[in-house]
Amino acid sequence: MRTIVITGPPPVQILDVTGPLEVFSQVPGYEIVLGSPDGDNALRTSRGISLSPAKSLYDLDGPIDTLMVAGGPGAESGQYDERFLGWVRKAAERSRRVASICTGAFPLAAAGLLDGKRVVTHWDFCDRLAREFPAVTVTPNPIYMHDGSVYTSAGITAGIDLTLALVEEDHGHKVALDVARRLVMFLVRPGGQAQYSHMLSHQAVTSKPLRELQVWMMENLRDNLTIERLAERMGMSPRHFTRTCLRETKMNPGQFVDRMRVEAAQQMIDSSDMGLKEIADACGFQNADSMRRTFLRILGVTAGDYSRRFNRKYS
């Protein structure tokens with residue numbers, strides 16, 4: 001039985017705890033212990049909900065397979081109870097691996113466990129982590145990282161991604177993939193934490209004319225969507241349209257068209273049995289190789305790799 005201890009300086013972000021807990025609970029062979037730094041039988045969260053039953057950290061002894069430190073307001077405060085940090089240092093010595101969820105990287109760094117390590121945390125806290133702990137090498141983009149026996153993850157839901165990776169490390173690809181499917185999520189998300197989910201870039205646009213243009217673009221992805229044609233549909237000069245697109249989407253028109261095509265292709269890969277050549281044609285790519293290069297540039301994986309990871313047909 002592998003003992004998993006999940007704790008964090010309270011109040012913790014509730015999903016930082018319950019996400020990993022749910023993943024580990026899907027697999028036999030794990031004993032999951034919630035550890036309370038307050039010394040009582042509950043772990044306080046930032047949403048007014050206390051998670052129980054928990055055990056006082058200071059009553060926990062014996063070997064630990066995985067020690068996970070959750071983030072949240074307590075982790076982000078910069079003020080940590082020395083008794084808690086001392087316990088984390090000692091517990092790390094008897095743990096096979098140590099992990100942080102989101103801003104749980106801060107107390108791990110304060111305990112000296114991240115010195116000389118390459119780590120990640122929530123994108124909004126990466127600069128601060130690097131500034132406050134110069135002995136730590138912070139890399140802002142990955143969903144999660146592994147350096148020796150130390151594992152760190154990006155913002156909040158990335159703790160679920162990391163836990164799936166730990167399950168895969170322990171039990172193999174098939175078991176982890178089965179858990180991911182039961183939870184209706186990717187086993188490995190493409191790209192980094194700066195990545196938007198499917199179609200979210202469209203929803204972020206505030207300009208109604210541009211939103212209407214996006215709908216038209218999705219219906220006409222196979223067409224030659226040049227800047228001039230898009231600008232004409234908007235009733236703008238190409239230069240004015242380019243400025244508007246940059247302001248609303250943080251991308252130039254060509255980049256935005258590419259991203260829309262990739263997002264459409266992702267949805268087709270996720271939900272259909274179409275081949276990659278068919279999908280490339282349907283989404284307006286010149287050919288499957290063009291789609292492969294565009295996927296690699298935008299997501300960091302090729303369309304083929306994406307298909308093998310996230311479509312049951314290719315798994």
Side-chain angles (χ1 to χ4, degrees), residues 1-9 12-13 15-35 37 43 54-55 57 60-72 75 80 84-122 129 133 135-139 142-177 179-180 187-189 193:
M1 186 70 69
R2 302 173 188 265
T3 300
I4 312 294
V5 176
I6 306 176
T7 187
V12 296
Q13 162 63 244
L15 193 56
D16 284 6
V17 176
T18 57
L21 189 154
E22 185 61 39
V23 173
F24 280 128
S25 297
Q26 298 282 327
V27 184
Y30 292 115
E31 178 189 11
I32 307 158
V33 179
L34 296 184
L43 180 59
K55 295 182 179 180
L57 284 182
L60 297 178
D61 53 19
I64 298 172
D65 181 81
T66 306
L67 171 63
M68 304 191 85
V69 177
Y80 310 112
F84 171 72
L85 294 182
W87 182 91
V88 168
R89 292 187 194 101
K90 289 293 186 181
E93 295 175 0
R94 53 190 170 98
S95 300
R96 180 168 68 95
R97 58 195 178 194
V98 177
S100 66
I101 310 302
C102 193
T103 52
F106 280 86
L108 281 189
L113 298 179
L114 301 187
D115 288 357
K117 301 291 186 181
R118 296 179 68 246
V119 308
V120 67
T121 188
H122 189 289
L129 184 64
F133 300 98
V136 178
T137 301
V138 181
T139 55
I143 296 292
Y144 58 82
M145 295 199 68
H146 171 204
D147 191 339
S149 61
V150 173
Y151 299 70
T152 54
S153 61
I156 308 177
T157 58
I160 301 176
D161 297 87
L162 171 59
T163 309
L164 281 168
L166 298 180
V167 169
E168 182 173 19
E169 184 179 280
D170 294 342
H171 299 282
H173 179 78
K174 184 179 184 304
V175 171
L177 184 59
V179 173
L187 175 56
V188 182
R189 269 195 275 181
Q193 66 170 323

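If you read the sequence from its start, that first residue is 1, and numbering goes on from there. Source: prediction; values computed, not measured.
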| query | When you look at Val17 and Leu43, which way does the side-chain contact (heavy atoms from CB on, under 4.5 Å) test go after all the steps? | reply | CA-CA 10 Å; Val17 176; Leu43 180 59; 4.0 Å; yes
| If you round to the nearest 0.5 Å, how far is OG1 of Thr66 from CG of Leu166? |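 The CG atom of Leu166 sits 6.0 Å away from the OG1 atom of Thr66.
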Write down the atom of [X], the atom of [Y], and the distance for their closest heavy-atom approach.
{"X": "Val120", "Y": "Thr139", "answer": "CG2-O, 3.1 Å"}
{"X": "Asp16", "Y": "Gly71", "answer": "OD2-N, 2.9 Å"}
{"X": "Leu162", "Y": "Ala99", "answer": "CD2-CB, 4.1 Å"}
{"X": "Gly19", "Y": "Ile160", "answer": "CA-CG1, 3.7 Å"}
{"X": "Leu67", "Y": "Ala92", "answer": "CD2-N, 4.2 Å"}

| field | Sequence-distant partners of Arg94, salt bridge (charged side-chain N to carboxylate O under 4.0 Å, His left out), two or more places apart | value |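 Listed in chain order: nothing, the list is empty.
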| Partners passing ring-ring contact (aromatic ring centres under 6.0 Å, His included) against Phe24 (at least two apart in sequence or in another chain) |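 ring-ring contact (aromatic ring centres under 6.0 Å, His included) check on Phe24 returns Tyr30.
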By side-chain contact (heavy atoms from CB on, under 4.5 Å) - contacts of [X] (at least two apart):
{"X": "Glu169", "value": "Arg96, Arg97, His146, Tyr151"}
{"X": "Val175", "value": "Val27, Val167, His171"}
{"X": "Ala111", "value": "Leu85, Val88, Arg89, Leu113"}
{"X": "Ala75", "value": "Pro9, Thr103, Pro107"}

| query | Tell me, do Lys55 and Leu60 make a side-chain contact under 4.5 Å, heavy atoms counted? | reply |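 A side-chain contact under 4.5 Å exists here.
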| task | Please assess Val5 against Asp65 for the test side-chain contact (heavy atoms from CB on, under 4.5 Å), listing each intermediate value before the final yes or no. | result | CA-CA 8 Å; Val5 176; Asp65 181 81; over 6 Å; no
| request: Any salt bridge (Lys or Arg N to Asp or Glu O under 4.0 Å) involving residues 17-32? Give me the pairs, sequence neighbours left out, ordered by first then second residue. | output: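 Applying salt bridge (Lys or Arg N to Asp or Glu O under 4.0 Å) to every pair that reaches into residues 17-32, excluding sequence neighbours, yields nothing.
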